[in-house]
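Below is one structure, written out as structure tokens; comments come after it.
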Amino acid sequence: MEKKKKIVEQRERLDRTLALPDLVDGNSIRSLVKSQLLRSGLVGDIDLIVDKRTNEVSNFLDMLRSASGNDEAIPKPHGTTSNDWKLKQDTDQLRVLYREDPHGMPFHTLLLEGFADGPIDVCLCVSWESSLYKKWWPQYNFPPFKIITSDVLKKVRIGEEISLIRVKVPWPVSDREALLHYFEIEYLKEDLVLVLINTISDKEDVDISTHGFTREGIPKADGTVRLDMVGGFVLQKINKEKSYIRAIYNMDIKLDFVPASMINFVSRQLVASGHKLFQKAVGSVAASDEDYQNALRDPLYARIRNTIKKLTESEAILSMKEQANLSTTTDTSDTEIEEEWYDAMEEIPESPRTINQQEMMDTDRACLSPEVTQAKMCQNESSGKNEVRKEFQSKFVTFSSGSEAGPSMDMNGDGIVDGFSLNGWHYEGPSARDSRQHREKNRKVSDEGILKKSNGFNAEGQTAIKKRKHRKWYCCIGTSGALQ
């Protein structure tokens, strides 16, 4: 159950990221695409290229968001909702969904998402490096199903290339191939890497002013059946050793004599197997294979690693600064509260006493217990002197009943004039003379047993000290038998 909770949390995190304004607003997406192209070395008049790539990225993000829980609140150009998706498989490692193509094609759109046991640059390398697909894709001789050609035809720029993949399939089906265009875009402040994978049609008019490349070096089909595919994947970093992937695609494998329902059924069964192969490649092949180690030195992966490292270091420094500021603020607050508390004590009117009474009070006064001291230190920084004084009067001043009459007062001590005996209550809090220079001298902590032993409480006299409901620590002043 705990494992299932983790994958749900990561899925929701990806959904929240995809719903951010930077990845929803058209102008923000265009700015992101333009920045990526300029950083990858594209120069000159690039507006048409930026417009084309922006449109592709926007459509791809809509596809990714269509499977999220937040999809209902986001405008959808094709009128689709997350309810169109049907669940094929859902475990603590992956989830497989499928739905009918929103454009009316007979083949299902498939979505797979789950954990990838590797850092984000390694996961990208395994998915991107088409020349190394043979190292982890199935290579069956009987019945024949294997990659026979996997070449990079053109590296347009960093984060963009064109590859040709040819697959041998069982008789009577002829070989199939796909002319794939890869385009990568980064949003690393949320640990996100997007990769669009679309096929280039033979009928498509490719121009350098709109595509950023030409057909030079791209072979024609030459009798081989070429597939059509629209889709891609997104990677999000979880930690240094783990990532989360969501892949979505719609493919037409050009098998007119096979019912579309049969093709859809087989495709749904194979998706989960593809995730297992990918996990194996990321976890073992890419970690030990020399070809992958060499590929990871490419500027694309180095740029991602360096950017993530800088962002991580910046976050760590910012976190340390925030902790340091919080610590300084806390220390300052404690000091200010203590100063205000003693100022409030000095503002309390001092009652007239004889010299002998005053000396006895200064000598025998009990100090505050740890409970009371802790309450004093927890005062709110913004409370001000008035609230500190009220808290002091309600927490630190104790009254004992007596028979003497005096002026009227409330229980907050607002009517204190004679601190010794008022209206039947006896004031036993510290006097104004207990100033800063005396507080260390008079500090003494006693529990109930010690106070009784030293006769700090006069339990037999007429003015017995009023005890708290819960007998833990007590606070009193006065001398033995001094209260009449």
Side-chain angles (χ1 to χ4, degrees), residues 86-89 91 93-101 105-114 116 126-153 162-182 197-202 219-233 245 247-286 288-289 291-292:
K86 297 179 181 179
L87 184 65
K88 169 63 177 65
Q89 185 175 349
T91 70
Q93 291 295 314
L94 79 158
R95 183 175 72 158
V96 178
L97 304 173
Y98 67 95
R99 73 174 182 184
E100 295 181 0
D101 182 71
M105 298 291 291
F107 304 108
H108 285 163
T109 299
L110 300 175
L111 182 144
L112 178 145
E113 60 183 338
V126 171
S127 306
W128 183 275
E129 297 295 330
S130 57
S131 60
L132 301 178
Y133 282 172
K134 291 181 181 180
K135 290 183 176 289
W136 63 278
W137 276 45
Q139 297 293 101
Y140 300 128
N141 290 322
F142 187 81
F145 184 80
K146 59 183 179 179
I147 295 176
I148 55 179
T149 300
S150 179
D151 299 325
V152 178
L153 300 179
I162 299 170
S163 298
L164 180 66
I165 313 295
R166 181 175 295 175
V167 181
K168 187 174 183 61
V169 293
W171 182 87
V173 180
S174 61
D175 297 345
R176 294 293 192 270
E177 70 178 24
L179 186 62
L180 300 175
H181 173 257
Y182 295 75
I197 306 177
N198 299 315
T199 53
I200 301 175
S201 173
D202 288 339
K220 293 185 178 181
D222 194 22
T224 305
V225 179
R226 283 188 172 172
L227 311 179
D228 291 332
M229 190 185 85
V230 175
F233 60 90
I245 184 172
I248 185 170
Y249 64 89
N250 183 278
M251 182 182 297
D252 181 2
I253 61 176
K254 303 293 180 67
L255 282 176
D256 296 335
F257 60 89
V258 178
S261 58
M262 178 65 70
I263 296 174
N264 291 331
F265 174 79
V266 174
S267 299
R268 294 196 298 269
Q269 311 311 311
L270 295 177
V271 171
S273 300
H275 180 261
K276 291 180 180 179
L277 292 170
F278 178 76
Q279 280 277 55
K280 183 179 179 180
V282 170
S284 59
V285 176
S288 58
D289 189 273
D291 292 333
Y292 275 108

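We number each residue from 1, following the sequence as shown. All values below come from the heavy atoms of this structure, side chains included, with hydrogens, waters and symmetry mates left out.
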Do NZ/NE/NH1/NH2 and the carboxylate oxygens of Asp228 and Lys254 come within less than 4.0 Å?
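Between Lys254 and Asp228 there is a salt bridge, with a charged N closer than 4.0 Å to a carboxylate O.
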
Nearest-0.5 Å distance that lies between atom [atom1] in [X] and atom [atom2] in [Y]:
| X | Y | atom1 | atom2 | answer |
| --- | --- | --- | --- | --- |
| Asp151 | Leu153 | CG | CG | 6.5 Å |
| Tyr98 | Arg268 | OH | CZ | 4.5 Å |
| Ile248 | Leu110 | CD1 | CG | 9.0 Å |
| Met262 | Ser267 | CE | OG | 11.5 Å |
| Leu132 | Ser127 | CG | OG | 11.5 Å |
| Glu177 | Leu179 | CD | CG | 7.5 Å |

Can you confirm whether [X] sits close enough to [Y] that some side-chain heavy atom of one is under 4.5 Å from a side-chain heavy atom of the other?
| X | Y | answer |
| --- | --- | --- |
| Val126 | Tyr292 | yes |
| Lys135 | Asp289 | yes |
| Arg176 | Leu255 | yes |
| Ser130 | Leu180 | no |
| Asn141 | Lys146 | yes |
| Gln93 | Gln279 | yes |

Nearest atoms (heavy-atom pairs only) where [X] meets [Y]:
| X | Y | result |
| --- | --- | --- |
| Leu87 | Val96 | CD1-O, 3.7 Å |
| Ile148 | Lys134 | O-NZ, 3.6 Å |
| Ser150 | Ile165 | OG-CD1, 3.6 Å |

Ignoring hydrogens and angles, tell me if any N or O in the side chain of [X] forms a donor-acceptor pair with the backbone of [Y] under 3.5 Å.
| X | Y | value |
| --- | --- | --- |
| Asn250 | Phe107 | yes |
| Asn264 | Pro106 | yes |
| Arg166 | Asp175 | no |
| Thr199 | Met229 | yes |

Can you tell which of Ile162, Asn198, Ile197 makes a side-chain contact (heavy atoms from CB on, under 4.5 Å) with Tyr182?
Ile197

Parallel, tilted or perpendicular, judged at 30° and 60°: which one describes the rings of Tyr133 and Trp136?
perpendicular

Residue Glu100 excluded, over 12 heavy atoms near CD under 6.0 Å
no

From CA spacing to verdict: side chain to side chain contact (heavy atoms under 4.5 Å, CB included), Ile200, Arg226
CA-CA 10 Å; Ile200 301 175; Arg226 283 188 172 172; over 6 Å; no

